[in-house]
Amino acid sequence: MATSLTINGDARSVDAPDGTPLLWVIRDELKLTGTKFGCGVASCGSCTVHVDGFPVRSCQTYIEDVAGAEVTTIEGADTDVASAVKQAWNELSVVQCGYCQSGQIMSAIGLLTENPKPTVDEIEGYMWGNACRCATYQRIRAAVQRASEILEA
């Protein structure tokens, strides 16, 4: 069954049966491989994308649930907030292995879009569901704080 949606600003129609996770449509059908498969049960955050501006786990979001929606992947994240987050990630050398980072960045963009000046507790609470195999949590938190500073400048 064809489903119409917008991916990174481009109107698309994808032919996938109901019940197909958005993650597999993004990766296999649309060949956007920045969004990663981690756990498949929405626990690790590696597959985080934005649907209509809100972070969601694409491994547990089904294609029929995003019909007509605006989906943004790491490849299409190009707002001022996204630029600040990416700049902070680079400045603070957050990435170690990098596997979780697209999900971490998409979650950080969601947080700073909702709350441009989060406290440390708010950062930790919002980012809590994003697992990092390399345990770069301190650098991630510092990068979110730095992105907030960049946005304020």
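These numbers come from the heavy atoms of this one structure, side chains and all, not from hydrogens, waters or symmetry mates.
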> Is it true that a side-chain atom of Q60 and a backbone atom of G40 form a donor plus acceptor pair closer than 3.5 Å?
Replying inline: yes
> How close do G45 and N130 get, heavy atom to heavy atom, and via which atoms?
Replying inline: O-ND2, 3.5 Å
> What pair of heavy atoms forms the shortest contact from P55 to Y126, and how long is it?
Replying inline: CG-OH, 3.4 Å
> Do the side chain of Q101 and the main chain of G98 share a donor and acceptor less than 3.5 angstrom apart?
Replying inline: no
> Is D80 reaching over with its side chain to a backbone N or O of L151, donor-acceptor style, under 3.5 angstrom?
Replying inline: no
>> Starting from V49, can I reach L30 by hopping between I/L/V/M/F/W/Y residues whose side chains sit under 4.5 Å apart?
In response: yes
> Hey, which of D65, V66, T73 is the one that makes side chain to side chain contact (heavy atoms under 4.5 Å, CB included) with L22?
Replying inline: V66
> Is R141 reaching over with its side chain to a backbone N or O of E124, donor-acceptor style, under 3.5 angstrom?
Replying inline: no
>> N8 vs L32, test: side-chain contact (heavy atoms from CB on, under 4.5 Å). Steps then yes/no.
In response: CA-CA 10 Å; N8 299 331; L32 297 169; 3.8 Å; yes
> According to a 4.5 Å side-chain heavy-atom criterion applied to Ile, Leu, Val, Met, Phe, Trp and Tyr, with indirect links allowed, do L5 and V56 form part of one hydrophobic cluster?
Replying inline: yes
>> Rounded at 0.5 Å granularity, tell me how far CG in D78 sits from OG1 in T72.
In response: 8.0 Å
> What closest approach, in Å, do P118 and V144 show between heavy atoms, and which atom pair accounts for it?
Replying inline: CG-CG1, 4.4 Å
>> Measuring only between side-chain heavy atoms, which start at C-beta, is V95 closer than 4.5 Å to T136?
In response: no
>> Strictly distance-based, threshold 3.5 Å: is any side-chain N or O of S58 a donor or acceptor partner for the main-chain N or O of C47?
In response: yes
> Closest heavy-atom contact between W89 and A108?
Replying inline: CH2-CB, 3.9 Å
>> Would you say that Q87 contacts R146 through its side chain, given a criterion of any heavy-atom pair below 4.5 Å between the two side chains?
In response: yes
> Quick one: does C44's side chain get under 4.5 Å of C100's, heavy atoms only?
Replying inline: no
>> With a 4.5 Å cut-off on side-chain heavy atoms, are T20 and E29 touching?
In response: no
>> Can you tell me how far apart CD (Q145) and OG1 (T119) are? Round to the nearest 0.5 Å.
In response: 9.0 Å
>> Strictly distance-based, threshold 3.5 Å: is any side-chain N or O of R57 a donor or acceptor partner for the main-chain N or O of V41?
In response: no
> What are the two closest non-hydrogen atoms of T35 and R27, and how far apart are they?
Replying inline: O-NH1, 2.8 Å
> Is Y137 reaching over with its side chain to a backbone N or O of C132, donor-acceptor style, under 3.5 angstrom?
Replying inline: yes
>> Quick check on the hydrophobic clustering: are I74 and L112 connected, directly or via other members, by side-chain heavy-atom contacts under 4.5 Å?
In response: yes
>> Do R139 and L92 make a side-chain contact, defined as non-hydrogen atoms from C-beta onward lying under 4.5 Å apart?
In response: no
>> Do R12 and S4 pair up side chain to side chain, a donor and an acceptor below 3.5 Å, judged on atom types alone?
In response: no
> Is there a path from V25 to L23 through hydrophobic residues (I, L, V, M, F, W, Y) whose side chains come within less than 4.5 Å of each other?
Replying inline: no
>> Looking at every non-hydrogen atom in both residues, tell me the closest pair between Y99 and K36 and how far apart they are.
In response: O-CG, 3.3 Å
>> Would you say M106 ends up clustered with V94 if hydrophobic residues are merged whenever their side chains have heavy atoms under 4.5 Å apart, either directly or through other cluster members?
In response: yes
>> Check whether S102 reaches the backbone of G34 with its side chain - one donor and one acceptor, N or O, closer than 3.5 Å.
In response: yes
> In Å and rounded to the nearest 0.5 Å, what is the OG1 to CD1 distance from T33 to I26?
Replying inline: 11.0 Å
> From E75 CD over to I7 CD1, what is the distance, rounded to the nearest 0.5 angstrom?
Replying inline: 10.0 Å
> What ring-ring contact (aromatic ring centres under 6.0 Å, His included) pairs are there with at least one residue in residues 29-51, not counting sequence neighbours?
Replying inline: W24-F37
